[in-house]
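Just below is one structure, and these are the notes that go with it.
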Amino acid sequence: MTEDDDWFEAALRRDDGSEDESEGDGDDSPESPESMADDTSEPPADGTTDVPADDPATAGASAPTAFGTDDATGSDGDAPLFDDDFATAFRNAPGTGLDDEPDFGGGFGDAGGLDAGGFDDEDFESNIPRVDVGIEGLDGMIQGGVPERTLMVAIGNAGTGKTTFGLQFLDRALSRGENAVYITLEESRERILDSATEKGWPYDRYVEDGLLAVVDVDPIEMANSLSSIQSELPELVRDFGATRLVLDSVSLLEMMYEDRATRRNEIYDFTRSLKEAGVTTMLTSEASDDNPYASRHGIIEYLTDAVFVLQYVRGADDFRETRLAIEIQKIRDANHSREIKPYDITNEGISVYQQANLF
């Protein structure tokens with residue numbers, strides 16, 4: 001274990017308090033990096049971009065810079081953030097109650113063919129358990145719900161409500177007493193809790209009750225230690241008992257890789273590790289500047305099972321009010337509406353007007 005891994009441990013500690021291989025409804029299966037033909041450049045020989053542990057530019061000092069002081073000691077970085085052993089660090093984390101446990105499972109523990117407008121005439125036959133997204137109107141556009149353990153992405157430009165989408169998605173599970181994990185690469189942990197509280201979702205109480213882990217991560221540090229996260233995250237999430245996970249946003253992680261082939265390889269491996277965690281996962285992604293229906297780097301929509309597109313719609317008349325609209329681009333193993341429906345972001349979250357039409 002290297003000191004570069006400390007940032008992830010520190011983020012979790014501060015929160016005191018199988019991929020299914022099934023045929024879909026016509027969508028392609030997740031593509032491997034080698035099968036995505038939009039780039040012919042070769043990936044690095046070792047297939048990773050992890051920073052060596054002995055690199056003086058990144059080793060050791062990065063964790064205190066990213067997360068400030070050690071909450072457990074009150075130090076400014078002079079004391080080590082964690083023990084050398086990863087399992088010991090989780091067992092000894094304040095409030096976890098794992099001192100005598102044989103495993104580190106509680107590390108998260110207190111961390112705090114369709115018609116244009118309808119469905120296929122024939123019901124989709126599947127034994128996969130379903131879950132609802134938790135957004136009024138949108139759930140009505142999905143026949144039977146999203147298959148459990150689906151990996152989803154919400155793509156949209158700034159201001160379309162991607163973060164709100166993720167918060168609302170988790171609240172549906174948390175309000176039912178289920179556990180969930182929110183990983184943010186954009187906002188601070190405090191800002192995420194405040195945003196949820198403003199919408200009436202008691203995220204602070206969920207953290208206190210041990211149902212929710214909110215982890216804020218510096219995207220550069222995450223990229224540098226992505227290989228270790230890929231191996232650790234599935235077990236951490238499973239042991240925490242989470243049923244849902246949000247990562248906001250995958251675009252910042254993609255931006256850490258300048259080489260396109262490396263970017264594809266790393267994001268492919270990361271999404272695979274999320275599926276291995278066995279939870280229903282929502283990613284958010286910035287839309288391309290040139291195409292609101294595609295992600296910024298054109299990768300994540302091919303690696304996920306479901307894609308929701310959030311966009312601005314302007315009428316032909318420049319004086320007409322700009323509307324927000326949502327479209328379900330795909331959901332594997334589930335029938336869904338193909339219509340584009342208007343939605344609003346209110347003080348209570350996102351509401352999709354399933355019966356309304358854009359004009």
Side-chain angles (χ1 to χ4, degrees), residues 1 5 8-9 11-12 18-24 27-36 43 46-50 86-87 90 103-109 111 126-131 146-153 166 169-170 173 178-185 212-213 215 217 222-250 253-254 257 262-285 299-307 330-334:
M1 173 176 173
D5 298 330
F8 189 57
E9 304 163 12
L12 296 175
S18 130
E19 179 176 354
D20 289 336
E21 296 181 358
S22 57
E23 296 183 0
D27 296 309
D28 296 333
S29 296
E31 299 184 24
S32 66
E34 292 77 6
S35 66
M36 299 172 64
D46 60 1
T48 69
T49 57
D50 290 346
F86 186 74
F90 271 91
D103 59 14
F104 58 88
F108 272 98
S126 173
N127 293 324
I128 302 175
R130 306 301 178 105
V131 298
V146 175
E148 210 170 60
R149 299 190 297 277
T150 289
L151 178 60
M152 301 175 281
V153 62
F169 167 72
L170 286 194
E178 300 174 25
N179 289 15
V181 177
Y182 193 105
I183 301 175
T184 172
L185 307 186
L212 174 65
V215 185
V217 180
M222 186 170 183
N224 289 341
S225 301
L226 194 58
S227 62
S228 63
I229 298 174
Q230 290 168 185
S231 62
E232 298 162 0
L233 187 59
E235 186 169 2
L236 289 173
V237 172
R238 285 194 298 267
D239 289 342
F240 180 58
T243 60
R244 300 192 186 194
L245 181 147
V246 165
L247 174 69
D248 183 22
S249 80
V250 71
L253 181 58
E254 292 175 320
Y257 305 101
T262 301
R263 182 188 301 128
R264 285 201 311 267
N265 289 338
E266 294 295 339
I267 299 304
Y268 173 78
D269 289 342
F270 181 60
T271 56
R272 185 172 57 184
S273 71
L274 289 175
K275 289 189 175 185
E276 290 174 356
V279 296
T280 308
T281 300
M282 172 66 67
L283 311 177
T284 68
S285 173
I299 297 174
I300 196 63
E301 55 264 49
Y302 294 100
L303 303 179
T304 51
D305 306 309
V307 177
K330 73 172 182 180
I331 302 178
R332 293 194 178 99
D333 296 332

Scanning both residues in full, the closest heavy-atom pair of T262 with Y257 reads CG2-CD2, 4.0 Å
Donor-acceptor contact present, side-chain D305 to main-chain M152, <3.5 Å
no
Is the side chain of R130 donor-acceptor paired with the backbone N or O of I128 at a distance under 3.5 Å, no angle test?
yes
L170 and A180 have their tightest heavy-atom pair at CD2-CB, 3.8 Å
Hey, could you give me the CD/CG distance between E276 and L233, rounded to the nearest 0.5 Å?
10.5 Å
Return the OG to CG distance between S231 and D269, rounded to the nearest 0.5 Å.
11.5 Å
CG/L245 to CG/L236 distance, rounded to the nearest 0.5 angstrom?
11.0 Å
D248: which residues meet the side-chain hydrogen bond (donor to acceptor under 3.5 Å, both in side chains) condition with it, sequence neighbours left out?
T163, Y182, T284
With sequence neighbours left out, write down each residue that passes side-chain hydrogen bond (donor to acceptor under 3.5 Å, both in side chains) with S285, or none if nothing qualifies.
S251
Any idea which heavy atoms bring G166 and V246 closest together, and the distance?
O-CG2, 3.5 Å
Are I299 and R263 side-chain neighbours, meaning at least one heavy-atom pair lies under 4.5 Å?
yes
Minimum heavy-atom distance between Q230 and S273, given as atom pair plus value
O-CB, 3.4 Å
Would you call L274 and P234 a side-chain contact if the rule is heavy atoms closer than 4.5 Å?
no
Main chain of V146, side chain of T150: is a donor-acceptor contact present, judged purely on distance under 3.5 Å?
no
Minimum heavy-atom distance between T280 and R149, given as atom pair plus value:
OG1-N, 3.0 Å
Check each of V307, L253, L247, L303 against L283 using the side-chain contact (heavy atoms from CB on, under 4.5 Å) test, and report the only one that passes.
L247
When you measure from the side chain of K330 to the backbone of E301, do you find a donor-acceptor pair of N or O atoms at a distance under 3.5 Å?
yes
Under the side-chain contact (heavy atoms from CB on, under 4.5 Å) rule, collect the residues that match up with A173, sequence neighbours excluded.
E178, T243, R244
Where is the tightest heavy-atom contact between M222 and L185, given as atom of each residue plus distance?
SD-CD2, 3.5 Å
